[in-house]
Amino acid sequence: MEQDNLRTLRHTASHVMAQAVKRIYPDVRLAIGPAIDTGFYYDFDTATPLTQEDLPKIEAEMKKIIKENLQIKRYELPREEALAFMEKRGEPYKLELIRDLPEGEPISFYEQGEFTDLCAGPHMRYTSAVKAFKLLSVTGAYWRGNEKNKMLQRIYGTAFKTREELDAYLAELEEAKKRDHNKLGRELEYFTTVDVIGQGLPILMPKGARVIQILQRFVEDEEQRRGYLLTKTPYMAKRDLYKISGHWDHYREGMFIMGDPDAEGEVFALRPMTCPFQFQYYLARTRSYRDLPMRLNETSTLFRNEASGEMHGLIRVRQFTISEGHIACTPEQLEDEFRGCLDLAKFMLKAVGLDDSVSYRFSKWDENNKEKYIGSAEQWEAVQDRMRAILDDLKIDYTEASGEAAFYGPKLDIQIRNVYGKEDTLITIQIDFQLAKRFEMVYTDVNGEKKYPYVIHRTSIGCYERTLALLIEKYAGAMPMWLAPEQVRVLPITERNREYGAEVLNKLRAAGLRAEIDSRNEKIGYKIREAQIQKLPYMLLVGDKEAEAGMVSVRSRSGGDLGPKALDEFIAQAVAEAAAPKA
RNA sequence: GCUGGUGUGGCUCAGUCGGUAGAGCAGCUGAUUCGUAAUCAGCAGGUCGACGGUUCGAAUCCGCCCACCAGCUCCA
């Protein structure tokens, strides 16, 4: 109920904003303006684009409207009158909306002063109800979310019941932005990008590369324990392969193609997915039901020619490496194998500490967009029902989403939000009922009959770049000990202590700890500050008295000064702490 | 791809009306040997994102690319 009130308030705020915009720019055309989870927006068609500089003006006008305390009145009109009204007002988008309303649906309007909007409501009763609001940004957005339509101007804002709540939210936003991996990850030198290499092609610097290496080893070892067979397959193939898989017809604009597809001769393409490559192992000889389930994994680098506006830090890139895998199994094995994939994914999420940050999405096909998918409606419905049954049986709390499936089958997507609240898929488990047939992957069942196996496409920890990005945001750069690219830094107090510092460093490294030394001629407080900025788990101060006694003075990023400790004792404790999580 | 914004040494920024670049921090060298951030002195580092154009003269004006940021669309 509380939530509903807030949405109503925000919806009213969006109308107040639209009224303000109309007053300042009478020629704008109104599109839609709903409340959203974080506030509200309104889409306008304007002759010239709005910019950030327009916002204060609009805010000022909104304040006036709120002060005027206009009454908000709801009324309904019959279809013809509604159309005539919007016709007279010159609102083409509203006309389109009215025309699309189903017959018999009430057509309601909300009026506040000179401003009237087609709207289902509900709304507050007076404009003065909007007490604490803020306009945040102005961006483009396609009419009805379709890129073929005109791009409108969208203003985002937020509103709360009190000033305090608004200020708290804005402060929270600012705090969240400080954890942005795209800023922090560059500052802390996890990665960088460079113009001459190109968009969506990040350079993983030593720290980023190290974290990914740790994760990769962890994943591969765990998958080995769970009966996976590791493959290493080529990064490119002739187009013929992608014709069989369907990628050539359904994913071509997403591929990097080498050679002219219209000319004679061979054309190659970098792989956007691993499936058709990994299937070749299955196809290498005849298979029987005794070979199943066959679990294949690969640390697989993929290339996708994303549209230029899509790239974002390490979250959306053109080359990435994924903990890929495919399971071929019989229909009877499907549920157990699916359960196994989910268990592995959950284990991974828990290990890196992201398990409480995710949500589950059952991604289905879109029956109104059949070109995007292969297979018949009956097949899709059947496999989706099967998947839903499995999800329900596993008691997964999921939401359903149409049009989010892969072109060959439905998915369970494990979703995560970045610091801006934008949702991305971290992990996906897909049931594929079609590619086996396309590749003529068969097995001989107990009765000697040839059958097509189900194929599960799955990832255990997602793609490493994206996972790294979300870990940076989750921990604000302060990686847990087992993932920290630099676990310990040795800080000699004076030049005199460098030799002992080097000795300490060697012992740390010999014990398998990732350690560095700061031997600059700077004051000790300064070196500590540096290490703190980099969020290092441990700092070891070594001075004259530590050198004499074989000790180190330990500081942790969290607990502050831990006092002097025998070096061997520290090492034993740190090594234990640095161990990877166990199943 | 679309809408808007941004692009000056590693980082943060200054650069007024066009007169061919400055600061702090970081770096390096020397001195200092210091116990919880910033001692002293010096040095080095930039074809002002790229390429065209206007101009006697462009970091400043125009065009076109490229990259980065937010959003839309698309997606792991």
Side-chain angles (χ1 to χ4, degrees), chain A residues 41 43 46 48-54 136-156 177 180 182-183 186-187 189 192-201 251 253-254 272-274 300 302 304-318 320-324 363 372 403-404 406 411 413-416 420-428 430 457 459 461-467 469 491-498 520-533 539 541-546 553 555 560-561 564:
Chain A
Y41 67 79
D43 287 348
T46 64
T48 53
L50 298 167
T51 68
Q52 193 75 25
E53 282 78 64
D54 296 312
L136 298 172
S137 59
V138 40
T139 68
Y142 296 107
W143 166 238
R144 301 201 134 180
N146 186 336
E147 64 178 330
K148 292 190 179 79
N149 291 341
K150 183 164 186 188
M151 179 156 277
L152 309 173
Q153 301 292 306
R154 173 174 297 177
I155 300 177
Y156 281 100
K177 282 180 191 167
D180 182 356
N182 208 6
K183 183 143 194 349
R186 290 171 196 269
E187 276 168 15
E189 300 193 329
T192 188
T193 50
V194 49
D195 289 11
V196 287
I197 288 182
Q199 225 188 350
L201 298 168
Y251 204 80
E253 66 296 341
M273 289 164 190
T274 322
S300 178
L302 304 178
R304 296 186 185 178
N305 193 3
E306 302 286 355
S308 64
E310 307 303 345
M311 263 62 77
H312 171 64
L314 291 177
I315 286 186
R316 275 297 278 285
V317 291
R318 283 183 165 150
F320 57 93
T321 299
I322 188 166
S323 55
E324 181 80 281
S363 298
K372 207 179 150 188
E404 297 287 349
K411 313 191 282 179
D413 290 322
I414 303 180
Q415 303 290 105
I416 190 158
Y420 293 98
K422 189 165 177 166
E423 194 177 276
D424 273 300
T425 301
L426 188 61
I427 293 176
T428 178
Q430 312 168 354
H457 304 238
T459 164
I461 205 171
C463 81
Y464 291 99
E465 290 84 354
R466 182 173 287 186
T467 302
L491 309 177
I493 305 279
T494 75
E495 193 81 0
R496 209 165 47 241
N497 309 118
R498 276 175 69 165
R520 293 174 305 168
N521 286 345
E522 296 288 351
K523 293 196 168 179
I524 186 63
Y526 193 83
K527 294 180 185 175
I528 290 171
R529 174 77 179 163
E530 280 284 312
Q532 280 171 340
I533 288 170
M539 290 151 260
L541 278 60
V542 295
D544 291 337
K545 59 182 194 210
E546 285 85 357
S553 287
R555 272 185 77 91
D561 197 341

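A, B, ... follow the sequence lines: proteins, then strands. Residue 1 opens every chain. Small disclaimer: the values here were computed from a predicted structure and weren't measured.
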Sub-3.5 Å pairs of nitrogen or oxygen atoms, protein against nucleotides 9-11 of chain B:
none

Separation between the [atom1] atoms of [N] and [M], rounded to whole Å:
| N | M | atom1 | result |
| --- | --- | --- | --- |
| U8(B) | G46(B) | C1' | 8 Å |
| A21(B) | U47(B) | P | 12 Å |
| U60(B) | G53(B) | P | 14 Å |
| C43(B) | C2(B) | C1' | 50 Å |
| U6(B) | U12(B) | C1' | 15 Å |
| U16(B) | A59(B) | C1' | 14 Å |
| A44(B) | G18(B) | C1' | 30 Å |

Backbone of [Y] reached by a side-chain donor or acceptor of [X] within 3.5 Å:
| X | Y | result |
| --- | --- | --- |
| Arg466(A) | Arg316(A) | no |
| Asn146(A) | Lys148(A) | yes |
| Arg304(A) | Pro272(A) | yes |
| Lys527(A) | Ile493(A) | no |
| Ser300(A) | Glu324(A) | no |
| Gln52(A) | Ser137(A) | no |

Closest nucleotide among [options] to the [X] side chain:
| X | options | answer |
| --- | --- | --- |
| Arg520(A) | A76(B), G27(B), U3(B) | G27(B) |
| Tyr142(A) | A76(B), C2(B), C75(B) | C2(B) |
| Lys422(A) | A67(B), G71(B), G4(B) | G71(B) |
| Thr51(A) | A67(B), G35(B), G4(B) | G4(B) |
| Glu546(A) | C75(B), G35(B), A76(B) | G35(B) |
| Arg496(A) | C75(B), C34(B), G1(B) | C34(B) |

What is the nucleic acid contact for [X], judged by heavy atoms within less than 4.0 Å: base, sugar-phosphate only, or nothing?
| X | value |
| --- | --- |
| Gly462(A) | nothing |
| Arg466(A) | base |
| Lys177(A) | nothing |
| Val317(A) | base |
| Gly313(A) | sugar-phosphate |
| Gly254(A) | nothing |
| Lys411(A) | sugar-phosphate |
| Ser137(A) | nothing |
| Gln52(A) | nothing |
| Arg186(A) | sugar-phosphate |
| Asn149(A) | nothing |
| Ile315(A) | base |

Pairing partner of [N] (Watson-Crick or G-U wobble, both distances under 3.5 Å):
| N | answer |
| --- | --- |
| A23(B) | U12(B) |
| C51(B) | G63(B) |
| A41(B) | U29(B) |
| G46(B) | none |
| C34(B) | none |

Note: for His312(A) and Lys545(A) on RNA chain B, the residue whose nearest nucleotide lies more 5' is Lys545(A)
Could you say whether Thr139(A) or Gly200(A) is positioned toward the 5' end of RNA chain B, judged by the nucleotide with the nearest heavy atom to each? Gly200(A)
Between the base of C72(B) and the side chain of Arg154(A), is one N or O donor paired with an acceptor at under 3.5 angstrom? no
Measure from [atom1] on [X] to [atom2] on [N] and round the result to the nearest Å.
| X | N | atom1 | atom2 | value |
| --- | --- | --- | --- | --- |
| Met539(A) | G35(B) | CE | P | 18 Å |
| Tyr156(A) | U3(B) | OH | P | 17 Å |
| Glu310(A) | U3(B) | CD | P | 14 Å |
| Glu187(A) | A26(B) | CD | C1' | 14 Å |
| Arg316(A) | C68(B) | CZ | C1' | 17 Å |
| Glu404(A) | C75(B) | CD | C1' | 9 Å |
| Met311(A) | G1(B) | CE | C1' | 11 Å |

Nearest heavy-atom neighbours spanning Arg186(A) and Thr193(A): NH1-OG1, 2.9 Å
Nearest heavy atoms of Thr459(A) and Ser323(A), plus distance in Å: OG1-OG, 2.9 Å
In terms of side-chain heavy atoms, does Glu546(A) have a donor or acceptor partner in Ser553(A) at a distance below 3.5 Å? yes
Neighbour count above 12 (heavy atom, 6.0 Å) for Glu189(A) CD: no
Applying the side chain to side chain contact (heavy atoms under 4.5 Å, CB included) test to Pro492(A), which of Asn521(A), Leu541(A), Val542(A) qualifies? Val542(A)
Return a single string for nucleotides 36-43 of chain B, one symbol per nucleotide in 5' to 3' order, where B is base contact, S is sugar-phosphate-only contact and - is none, cutoff 4.0 angstrom on heavy atoms. BBSS----
